[in-house]
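Accompanying notes for the structure given below.
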Amino acid sequence: MVQKTYFKTKDYCKVKFTLKPEAAEKVEILGLNSDWENAVEMTKKKDGSFTCELSLPKNTQHEFRYRVNATQWLNEPEADLHQPNVFGDNNSVIVL
């Protein structure tokens with residue numbers, strides 16, 4: 001799930017990412033700000049879900065994917081768009 005919070009006086013949007021994959025020990029987000037090398041690690045909650053809050057620039061769009069346990073790639077089901085990638089799969093896209 002992706003929740004967006006816009007601020008009238010700020011040039012960024014606060015974005016909260018939430019994902020609850022089965023049997024996950026670690027979940028990361030890759031691709032935000034076109035950075036596929038440096039993962040953003042999500043925090044594990046007691047209910048088994050993972051969350052992360054980030055500030056991203058307004059009027060931008062970002063391709064991203066979740067990486068679970070360093071091996072499995074997942075898309076965001078509630079993404080604004082899905083874009084084909086060079087690996088024959090799709091990336092999630094968030095539009096701000």
Side-chain angles (χ1 to χ4, degrees):
M1 177 171 60
V2 176
Q3 293 175 301
K4 304 173 193 175
T5 304
Y6 291 93
F7 302 97
K8 287 183 181 179
T9 59
K10 306 286 184 185
D11 60 352
Y12 63 86
C13 175
K14 188 185 293 185
V15 183
K16 182 178 182 180
F17 297 89
T18 305
L19 186 70
K20 190 172 182 179
E22 290 185 30
E25 293 302 316
K26 181 178 182 180
V27 178
E28 304 164 297
I29 305 173
L30 284 100
L32 296 173
N33 293 316
S34 298
D35 188 351
W36 292 94
E37 298 295 320
N38 300 301
V40 176
E41 193 163 340
M42 299 178 76
T43 304
K44 188 172 186 176
K45 302 294 182 186
K46 289 180 182 179
D47 67 357
S49 66
F50 289 79
T51 64
C52 179
E53 276 192 29
L54 299 169
S55 295
L56 297 171
K58 283 183 182 176
N59 303 313
T60 59
Q61 70 177 33
H62 304 268
E63 290 188 31
F64 70 97
R65 292 193 84 188
Y66 299 110
R67 185 168 61 188
V68 180
N69 297 333
T71 58
Q72 181 184 15
W73 291 89
L74 297 176
N75 282 325
E76 171 56 58
E78 296 180 19
D80 297 317
L81 303 166
H82 287 95
Q83 197 79 313
N85 63 31
V86 297
F87 302 105
D89 209 340
N90 289 307
N91 293 335
S92 299
V93 180
I94 183 172
V95 179
L96 303 172

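No hydrogens, no waters, no symmetry mates; every other heavy atom, side chains included, goes into these values.
H82 places a side-chain N or O within 3.5 Å of a backbone atom of E76 that can act as its donor or acceptor partner. Here the side chain of N85 pairs a donor or acceptor atom with the backbone of F87 at under 3.5 angstrom.
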Trace of the side-chain contact (heavy atoms from CB on, under 4.5 Å) decision for H62 with V15: CA-CA 12 Å; H62 304 268; V15 183; over 6 Å; no

Determine, step by step, whether V95 and Q61 satisfy the side-chain contact (heavy atoms from CB on, under 4.5 Å) criterion, reporting the C-alpha distance in whole Å, the side-chain angles of both residues, the deciding distance to 0.1 Å, and the verdict. CA-CA 4 Å; V95 179; Q61 70 177 33; 3.7 Å; yes

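A 4.5 Å side-chain heavy-atom check between W36 and N91 finds at least one atom pair inside the cut-off. Residues P57 and N33 are in side-chain contact: their nearest non-hydrogen atoms beyond the backbone lie under 4.5 Å apart. Looking only at side-chain heavy atoms (C-beta outward), F17 and I29 come within less than 4.5 Å of each other.
Here side chain to side chain donor-acceptor pair (under 3.5 Å) pairs that include residues 8-30, with residues two or more places apart or in two chains, are E28-R67.
Heavy-atom minimum distance, P77 versus N75: CD-O, 3.3 Å. Across every non-hydrogen atom of A79 and V93, the tightest pair is CB-O, 3.6 Å. Considering every non-hydrogen atom in both L96 and Y6, the closest pair reads CA-OH, 3.5 Å. In this structure, T5 and C13 approach most closely via the heavy-atom pair O-SG, 3.4 Å.
For the atom pair CG of L19 and CE of M1, the computed distance is 10.5 Å after rounding to the nearest 0.5 Å.
Judged as a side chain to side chain donor-acceptor pair (under 3.5 Å), and not counting sequence neighbours, the contacts of D80 are K4.
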What pairs of donor and acceptor atoms, side-chain ones from residues 45-56 against any protein atom, are under 3.5 angstrom apart with sequence neighbours left out?
residue, atom, partner, partner atom, Å
D47, OD1, S49, N, 2.9
D47, OD1, S49, OG, 2.6

